[in-house]
Amino acid sequence: MNTLPKKYKHSEIEEKWKSWWEAERVYGWDPSRPKEETFIIDTPPPTVSGSLHVGHVFSYTHTDVIARYQRMTGKNIFYPMGWDDNGLPTERRVQNYYRIRCNPEVAYNPDWKPTHDPKQKKEIEEVSRKNFIEACNTLTHEDEKAFHALWSQLALSVDWALEYATIDEHCRRVSQASFLDLLEKGEAFHAKSPTMWDTDFQSAIAQAELEDREVAGAYHNIRFQVADSSEEIEIATTRPELLPACIAVVAHPSDERYQHLFGKEAITPLFHSRVPIRAAEHADPEKGTGILMVCTFGDIMDVEWWKQSKLPMKQIIGREGKLLDVSFGTEPFQSEKPESAQESYRELAGLYAKQARTKIAELLAAPNSAVNSDGTALVGEPTPTKAPVKFFEKGDRPVEFVPTRQWYVRVLPHKERLLQLGKEIEWHPEYMYTRFQHWVEGLNQEWCYSRQRYFGVPFPVWYPVQEDGETDYENPILPPFEDLPIDPSTDVPAGFREEQRGQKGGFRGDPDVMDTWSTSSLTPQIMSHWKIDPERHKQLFPMDLRPQGHDIIRTWAFTTIAKAMLHEGTIPWKHICLSGWILDPDRKKMSKSKGNVVTPGHLLEEYSSDAVRYWSARARLGTDTAFDDKVFAIGRKLVTKLFNASRFVLSQFERLETTAEASLGGTVTEEVDKAFLHKLHNTISAATAGFEALDYAVALQRTEELFWDFCDHYVELVKTRSYGEEQSAERDSALTTLAISLKSFLQLFAPFLPYVTEEVWSASFRTDPGSTGSIHKSRWPDAKEVATYAKSGNPRLFDLAKQIMGEVRGTKSTSQRSLKWPVQELQLTGDGETLGGIRRITGDILRASNCTEEALSLKENSDADGQLSVRVVLAEEEPTA
RNA sequence: GGGCGCUUAGCUCAGUUGGUAGAGCGUCAGCCUUACAAGCUGAAUGUCGCAAGUUCGAUCCUUGCAGCGCCCACCA
């Protein structure tokens, strides 16, 4: 048993216990214990290429606090850590960091090594896909080390033997197995159809990756001619550049203004295409002129309407977001005046959509641009407007709908079941379920599962190449499960040779990678070794707890629930808890792009890890928290106080050459002691109930409250008694209460303040039976056990003592006297019951007030109704030294 | 446009079967007290966002409104 140093130096102490915990494997998962005794956490794998900031510390601490509590209840904790390293954020970071680009056409160079020199702005280098992936691996490995160091410092009690990375071989295997399972079940399919497409990244994206942004645009009112008639219709659009892709004109079926036109045709200006005029439910008579053009494709409604209309598609926007070369007069670009149409289009071809918009506005504004050559096709000046436009959340230009071949996973047919399963999960806070519900109800597309990127999990699929050189998408070649993971761009399917790659009668690998959520959605299955180790899977799945941010309910929570449903028809975890965000002091969300990010390193150094954890744990689940230095200072103060109070308590035992542990078995005889232990019992019950409901914040609050009462009032009341030179029942009662209290407080604080509590524990209660010696493996305090000490205790007596002490101190303070100053007269007035209680605790009160027994008078007032009034008169004389 | 959440002391936040409004920080006034000056004691501070309703009684329940934040939605 070591003794505590005089001062608490957090950096030394953290260093000591951090390595001891790791060496002793205090947080190791024990695979031999059954599921019922295990608490299983689906840890969020942090995106390692993202910036490290206090938000990470915040939410991961919440999980750790819960894990530590569960561990102390005797549970076997399964608490892994993964790194989310695949996907676009990493690619982007690697491109900038090493100044490279992936070009799949370039050959692999085994001698190439990525270099980073921030001083030298070298030319952007094109490298092969394999080299690019190597560079991704190199950089993410560095990032992971930084995260690992932070997590250790923060004392996350993860089992580092359970570390994984979403791009590692095991994750690729599970990801690909998942895909093959979905394919077998008919839940995955591929289709060539208009897909939401980011023109910068040149990849398909999913509904979950969309965000709306307010963008300045302008309404252009354009005159169309009704075919075989002199009538004109005026159509408003913010995307005039899509005029050449116009396939129809529609108005609401009940719109009286256009009834007579349904069934007729309209002719577009500039391109002179005949397009049908039809009725469509989605046309809103209130908006614009009530009649609109359908183009392939302006928005999702265009896509929907096009699908059911069976009209031909006129694709003009290409993968790069530029207008393609098309020729008018040939299908589907039918035109009444092909030459004139082509002449107009020549001005637009090759331009980006936004440039084309400006250009076509000029063309439309030209004299004689109307179909009948009578004036301009553009009516008036374009009217500026601001409208929400869909963007890929990481992109810089609006998404376009581009027809491409993609893999999809079915979610739309399963909406009902998803909602049902969502309800089976306990959401903390509960109202977060509503967000999930709304997301599921609002789904309007299947999950687009493929991405045209490089650093990700490839599809485990090859296709036969037919004799005509075309790819046979309908008969994919699949690897057996045992071969996973595979990379179809380098691996060869059974029965083929590498030389047949891309050749007639040979094969071709699927070039795409999976959506990053395809892997992230499997974090429970990745850790349970689904399909690989059925025994282990049964032992770990479904899991107990998913912690995550509320901003990714529609992605991570949703896809994980969807996968558990599609694969095994079950929920993935029993509980999901959602942490809030960290806001900067101006209440803006902390994010890299806003430049208001605070990194955690200096906070840990300045205030200690325990203090930073304290700050995190004060915030309730789901609640956003403003970053506030002061709270760290409060945390540091609490740590110091806990340390000093512990030193005081332990010194009482050292003085008598005994130990706190030996005193636990003593007898509690004094009323003040019993009263305090009763309070302690209440606090333990409340903290336990809080933790059981995942409400760690209330556990901390209640513990902290009573701890300050302990220091300020209990210790001050019994100090003199515990200092007694002679052995006595009164003295031993105080010592036993101090021992029980210290032990309980250390344990109650242990989930929040793992370092300081371990330090004190090591000097006091380390031999607790059944523990490895770490407080974090000790048994959580048992409220019932504490209650046995305090059987007849009356907690009100403690409050009365507090009140009297407060009055005494108050009088001394306002008289500008020291707290040692003698009290000449102490008069207490109350009803019989109150005074009866006070009589049992006067000894401690008089000692702590420096008041003689003669100076005390008790006056009974039967009308006092439980109220106690206190009169204090101080001595004139200065206290003698 | 729809939904969810929030609004309590100067600041950050607690506050459930509806019953006299709480903590910490900050401010002010003091105090070396046999653990702690990185400490301790005390004091002051409120239209509980606004309005109506239910009730003997509303910070709490109901309705409406306002402000803030977030999520979602169909770009004419």
Side-chain angles (χ1 to χ4, degrees), chain A residues 4 6-8 210-212 215 217 219-222 235-240 242 249-251 282-284 286-295 297-302 304 385 387-390 398-399 429 431-439 441-442 444 550-551 553-554 580-581 583 585 587-589 618-620 622-631 633-634 636-652 655 697-698 701-702 704-705 708 711-712 715-716 719-720 723 805-821 848 850:
Chain A
L4 296 178
K6 185 118 180 76
K7 290 267 178 196
Y8 184 76
L210 283 183
E211 68 180 28
D212 283 357
V215 168
Y219 286 125
H220 298 69
N221 282 11
I222 301 172
I235 286 176
T237 178
T238 55
R239 296 203 61 182
L242 293 178
V249 165
V250 298
H282 73 275
D284 181 351
E286 302 294 316
K287 282 194 187 175
T289 53
I291 188 160
L292 62 140
M293 62 177 189
V294 177
C295 306
F297 296 96
D299 62 26
I300 179 105
M301 283 316 302
D302 286 347
E304 293 300 311
T385 176
V389 176
K390 294 211 177 311
V399 301
Y431 61 76
M432 290 291 183
Y433 170 74
T434 314
R435 296 213 188 160
F436 173 77
Q437 183 191 348
H438 288 166
W439 173 252
E441 284 169 356
N444 58 23
H550 57 70
D551 49 334
I553 289 174
R554 66 174 180 166
W581 280 333
L583 310 173
R587 303 205 69 80
K588 295 268 178 292
K589 188 191 172 188
R618 283 237 312 203
R620 317 168 79 78
T623 310
D624 296 344
T625 299
F627 181 83
D628 186 358
D629 290 36
K630 290 185 203 113
V631 183
I634 298 167
R636 185 173 55 187
K637 202 174 126 176
L638 174 65
V639 169
T640 307
K641 191 73 176 179
L642 183 56
F643 183 76
N644 284 325
S646 302
R647 269 185 58 225
F648 164 73
V649 173
L650 295 180
S651 72
Q652 299 299 68
R655 203 168 44 81
V698 78
Q701 195 190 336
R702 291 295 300 266
E704 201 185 352
E705 232 170 66
W708 286 102
C711 295
D712 297 347
V715 168
E716 294 302 327
K719 208 181 225 176
T720 319
Y723 269 118
M805 292 306 299
E807 302 274 0
V808 171
R809 288 167 177 171
T811 309
K812 291 178 180 179
S813 185
T814 45
S815 313
Q816 310 198 348
R817 303 295 193 205
S818 85
L819 292 177
K820 282 199 312 195
W821 198 275
N850 193 11

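The shown structure was predicted, so the numbers you read here are calculated from the model rather than taken from an experiment.
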So, do Phe643(A) and rC36(B) meet the stacking rule of ring centres under 5.5 Å and planes under 30°? no

Side-chain contact check for Ser818(A): nearest option of rC71(B), rC36(B), rU33(B) is rU33(B)

Heavy atoms from C-beta onward define the side chain here; which of rC75(B), rU41(B), rC72(B) lies closest to that of Arg554(A)? rC72(B)

When the C1' atoms of rC36(B) and rC40(B) are considered, how many whole Å apart are they? 9 Å

With a 4.0 Å cutoff (strictly under), does any side-chain N or O of Lys820(A) reach OP1 or OP2 of rU34(B)? no

In Watson-Crick or G-U wobble terms, with both distances under 3.5 Å, the base opposite rC61(B) is rG53(B)

What is the nucleic acid contact for Asn444(A), judged by heavy atoms within less than 4.0 Å: base, sugar-phosphate only, or nothing? sugar-phosphate

Could you tell me which residues satisfy salt bridge (charged side-chain N to carboxylate O under 4.0 Å, His left out) with Glu716(A), sequence neighbours excluded, listed by chain and number? Lys719(A)

Measure the distance from CG on Leu638(A) to C1' on rA23(B) and round it to the nearest whole Å. 14 Å

Looking for any heavy atom pair under 4.0 Å, which part of the strands does Gly806(A) touch: base, sugar-phosphate only, or nothing? sugar-phosphate

For Arg620(A) and for Ser646(A), locate the closest nucleotide of RNA chain B by heavy-atom distance; then report the residue assigned to the nucleotide nearer the 5' terminus. Arg620(A)

In whole Å, what separates the C1' atom of rC61(B) from that of rG18(B)? 8 Å

Considering only the P atoms, how many Å lie between rC60(B) and rA73(B), rounded to the nearest integer? 35 Å

Quick one, Val250(A) and Leu292(A) - any side-chain contact, counting heavy atoms below 4.5 Å? yes

Separation between the P atoms of rG19(B) and rG2(B), rounded to whole Å: 35 Å

Decide yes or no, distance alone: a donor-acceptor N/O pair under 3.5 angstrom between the base of rC75(B) and the side-chain of Lys390(A). no

Once you apply the 3.5 Å cut-off to both distances, tell me the Watson-Crick or G-U wobble partner of rA44(B), or none. none

Length of the CD-P vector between Glu211(A) and rC72(B), whole Å: 9 Å

In the structure I gave you, are the side-chain heavy atoms of Lys6(A) and Arg647(A) within less than 4.5 Å of one another anywhere? yes

Between rA51(B) and rA66(B), how many Å separate the two P atoms, rounded to a whole number? 15 Å

Please round to the nearest 0.5 Å and tell me the distance separating atom OG1 of Thr434(A) and atom CD of Gln437(A). 6.0 Å

Any base atoms under 4.0 Å from Arg636(A), or only sugar-phosphate, or nothing? Heavy atoms, all strands. nothing

Phe648(A) has its side chain closest, among rA38(B), rC74(B), rA35(B), to rA35(B)

Within the 4.0 Å heavy-atom criterion, would you say Val399(A) contacts the bases, only the backbone, or no part of the nucleic acid? base

Side chain of Glu716(A) only, heavy atoms from C-beta on: which candidate in rU33(B), rC13(B), rG42(B) is closest? rU33(B)

rC50(B) versus rU59(B) - spacing of their P atoms, nearest Å: 10 Å

Nearest-nucleotide pick for His282(A), side chain only, options being rC74(B), rG42(B), rC36(B): rC74(B)

Compare all side-chain heavy atoms of Leu583(A) with those of Phe627(A) and state whether any distance is below 4.5 angstrom. no

Base, sugar-phosphate, or nothing: which does Ala633(A) touch, judged by heavy atoms less than 4.0 Å apart? nothing

Can you find a heavy atom in the side chain of His550(A) that is under 4.5 Å from one in the side chain of Trp581(A)? yes

When rounded to whole Å, the CG to C1' distance for the pair Asp712(A) and rA23(B) reads 13 Å

With respect to the phosphate group of rU33(B), does any side-chain polar atom (N or O) of Asn850(A) fall under 4.0 Å of OP1 or OP2? no

Exam field: side chain Ser651(A) to backbone Phe648(A), donor-acceptor pair closer than 3.5 Å: yes

Report which part of the nucleic acid Ser651(A) touches: base, sugar-phosphate, or nothing (heavy-atom distance under 4.0 Å, all strands). nothing

Sequence neighbours excluded, which residues qualify as salt bridge (charged side-chain N to carboxylate O under 4.0 Å, His left out) partners of Arg239(A)? Glu241(A), Glu400(A)

For Gly442(A), which contact category applies under a 4.0 Å heavy-atom criterion: base, sugar-phosphate, or nothing? nothing

Watson-Crick or G-U wobble partner for rU33(B), using a 3.5 Å limit on both distances? none

Of the options rC70(B), rA14(B), rC75(B), whose atoms approach the side-chain atoms of Gln701(A) most closely? rA14(B)

When you compare rA23(B) with rG42(B), how far apart are their P atoms, in angstrom units rounded to a whole number? 12 Å

Given rU41(B), rA35(B), rC75(B), the nucleotide with the shortest approach to the side chain of Leu819(A): rU41(B)

Among residues at least two apart in sequence or on other chains, which ones pass side-chain hydrogen bond (donor to acceptor under 3.5 Å, both in side chains) with Glu705(A)? none

Counting Watson-Crick and G-U wobble pairs only, both distances under 3.5 Å, name the nucleotide matched with rU16(B), or none. none

Taking C-beta and beyond as the side chain, do Tyr8(A) and Asn644(A) meet within less than 4.5 Å on heavy atoms? no

How many whole angstroms separate atom CZ of Arg817(A) from atom P of rC31(B)? 10 Å

In whole angstroms, the gap separating P of rG69(B) from NE2 of His550(A) amounts to 14 Å

Using a cut-off of strictly less than 4.0 Å, decide whether Lys719(A) has a side-chain nitrogen or oxygen near OP1 or OP2 of rA35(B). yes

What interatomic distance, in whole Å, is found between C1' of rC72(B) and the corresponding atom of rG64(B)? 24 Å

Quick one: which protein N/O atoms are closer than 3.5 Å to N/O atoms of nucleotides 1-9 of chain B? Pair and distance per line, please.
{"residue": "rG3(B)", "atom": "O2'", "partner": "His438(A)", "partner atom": "ND1", "Å": "3.3"}

For a quick check of understanding: with a heavy-atom distance under 4.0 Å over all strands, which category does Gln652(A) fall into, base, sugar-phosphate or nothing? nothing

Suppose we screen for salt bridge (charged side-chain N to carboxylate O under 4.0 Å, His left out). Which residues come up paired with Glu441(A), at least two apart in sequence or across chains? none

Would you indicate whether the side-chain heavy atoms of Thr237(A) and Leu242(A) approach each other to under 4.5 Å? no

Donor-acceptor pair, side chain of Lys812(A) and main chain of Arg817(A), under 3.5 angstrom: no

Under a 4.0 Å heavy-atom criterion, the protein footprint on nucleotides 24-29 of chain B, written with B, S and -, is SS---S

Distance check needed: rU41(B) P versus Arg809(A) CZ, whole Å only. 6 Å

Please round to the nearest 0.5 Å and tell me the distance separating atom CG of Asp284(A) and atom CD1 of Ile291(A). 13.5 Å

rC11(B) - base-pair partner by Watson-Crick or wobble geometry, distances under 3.5 Å: rG24(B)

How is Asp284(A) classified with respect to the nucleic acid when contacts are heavy atoms under 4.0 Å: base, sugar-phosphate, or nothing? base

Send over the distance from Trp708(A) CH2 to rG42(B) P, rounded to a whole Å. 13 Å

Paired nucleotide for rC6(B) [Watson-Crick or G-U wobble; both distances under 3.5 Å]: rG67(B)

